[in-house]
Enquirer: 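Got a structure for you, questions after.
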Amino acid sequence: MLLSKLYSNPQPEAINDPLRDALKASMEKKMIEDLASPEKLKEVYMNSISFADEALPVEKPSVKGKLEKYLARFSFKKQQSYGLHQKADQHLPQIAKILKSYGIPEDFKYIPLVESGMDPGVKSVKGAGGYWQFMPQTARLYGLKVSGNVDERRNLTKSTHAAAKYLKSLYSEFGDWTLVAAAYNVGGGSLKSSMRRQGIDNYYELKLNSETGSYVYKLVSIKEVIENPNYYGYNRYASIDDRISSGS
């Protein structure tokens, strides 16, 4: 009986439907085009941005907007100079090597570019100086000589060792590298006070002064324009493959 039912109800043969096939092909093409659209590619890129191996929460409009603001500010269109990349080429390999020896994430090598523009002669109105913009007392605390005759804040190797020790100390306090970056800018005590007062331990949610509130965004933006030069208009520093793919 089972066989009789099987043979009495044969399965319909697949019928080629040109209209259906064309519609399917059109939908597949649109999906591919959507995935490769500038908007989608930008979304994928933004979601890939990180600091110290921690993704930025770009799904938050405030975070995305602020990040886009500083990425644009450090683009070639705004800078009209290759100075950032020239200084990065000259100094960042040495800085990265020292930071690595202390277990500090490589992204912290961009601090001197943000703090001093890699100019050891820069001094703030409050007295911070050198590549890493140490205050005199902090510099001395971490082994640097700062006096009328000697200022080791201007020595890249010595000041980077001091900065690595300081960053490591901050990490022992905060246990979060993004907060460490913020604390480097505003001071550990001040940041702890803000966190305690607001009951928040997330940098991207804290209400901070404008300089500290933008500090990590600046570090990330400097990192991105250095590591993705062609994307931000620094064609001279783009690889040959990047130039070909972009038609430069």
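Position 1 is the first residue of the sequence; numbering continues from there.
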Enquirer: Going by atom types only, do Glu227 and Tyr110 share a side-chain donor-acceptor pair under 3.5 Å?
Expert: yes

Enquirer: Stepwise, does the side-chain contact (heavy atoms from CB on, under 4.5 Å) test hold for Leu191 with Met195?
Expert: CA-CA 6 Å; Leu191 183 62; Met195 291 167 63; 3.9 Å; yes

Enquirer: Would you mind reporting whether Val58 and Ile49 have side-chain heavy atoms less than 4.5 Å apart?
Expert: no

Enquirer: With no hydrogens and no angle check, is any side-chain donor or acceptor of Arg140 less than 3.5 Å from a backbone partner on Val146?
Expert: yes

Enquirer: Could you check if a side-chain atom of Asp107 sits within less than 4.5 angstrom of a side-chain atom of Trp177, using non-hydrogen atoms only?
Expert: no

Enquirer: Would you say the side-chain atoms of Ser116 pair up with the backbone N or O of Pro112, donor to acceptor, closer than 3.5 Å?
Expert: yes

Enquirer: Taking the ring centre of each residue, are Tyr142 and Phe134 less than 6.0 Å apart?
Expert: no

Enquirer: Less than 6.0 angstrom separating the ring centers of Phe108 and Phe51, yes or no?
Expert: yes

Enquirer: So Val122 and Glu115, side-chain contact (heavy atoms from CB on, under 4.5 Å) or not? Walk me through it.
Expert: CA-CA 9 Å; Val122 171; Glu115 288 284 347; over 6 Å; no

Enquirer: Before giving the answer on side-chain contact (heavy atoms from CB on, under 4.5 Å), spell out for Thr160 and Lys109 the whole-Å C-alpha distance, their side-chain angles and the decisive distance to 0.1 Å.
Expert: CA-CA 9 Å; Thr160 300; Lys109 70 185 180 183; over 6 Å; no

Enquirer: Evaluate the side-chain proximity of Met118 to Tyr131: yes if any heavy-atom separation is below 4.5 Å, no if none is.
Expert: yes

Enquirer: Flag the pair Lys218 / Ser221 as yes when at least one side-chain heavy-atom distance between them is below 4.5 Å, and no otherwise.
Expert: no

Enquirer: Is a side-chain donor or acceptor of Tyr203 paired with a backbone partner of Gly213 at a separation under 3.5 angstrom?
Expert: yes

Enquirer: Spell out, as yes or no, whether a donor-acceptor pair under 3.5 Å connects the side chain of Ser75 to the backbone of Ala72.
Expert: yes

Enquirer: Is it true that, when you exclude Glu106 itself, more than 12 heavy atoms of the residues, nucleotides or ligands shown sit nearer than 6.0 Å to its CD?
Expert: no

Enquirer: If you measure only the distance, is there a donor-acceptor pair under 3.5 Å linking the side chains of Tyr184 and Gln133?
Expert: no

Enquirer: Between the side chain of Gln198 and the main-chain N/O of Leu208, is any donor-acceptor distance below 3.5 Å?
Expert: no

Enquirer: Using the ring centroid of each side chain, check whether Phe74 and Tyr232 are separated by less than 6.0 Å.
Expert: no

Enquirer: Side-chain contact test, heavy atoms from C-beta onward, threshold under 4.5 Å: evaluate it for Pro136 versus Arg153 and give yes or no.
Expert: yes

Enquirer: What side chain to side chain donor-acceptor pair (under 3.5 Å) pairs are there with at least one residue in residues 79-95, not counting sequence neighbours?
Expert: Gln94-Thr157

Enquirer: When you compare the side chain of Lys207 with that of Arg197, does any pair of heavy atoms fall below 4.5 Å?
Expert: no

Enquirer: Mind checking whether Tyr204 and Tyr217 have parallel, tilted or perpendicular rings, split at 30° and 60°?
Expert: perpendicular

Enquirer: For a 4.5 angstrom cut-off between non-hydrogen side-chain atoms, does Ile95 reach Trp132?
Expert: yes

Enquirer: Would you indicate whether the side-chain heavy atoms of Asn209 and Val186 approach each other to under 4.5 Å?
Expert: yes

Enquirer: Keeping the roles fixed (side chain from Ser193, backbone from Gly189), state whether a donor-acceptor pair exists under 3.5 Å.
Expert: no

Enquirer: Under a 3.5 Å distance rule, please check whether Asn155 uses its side chain to pair with a backbone N or O of Lys158 as donor and acceptor.
Expert: yes

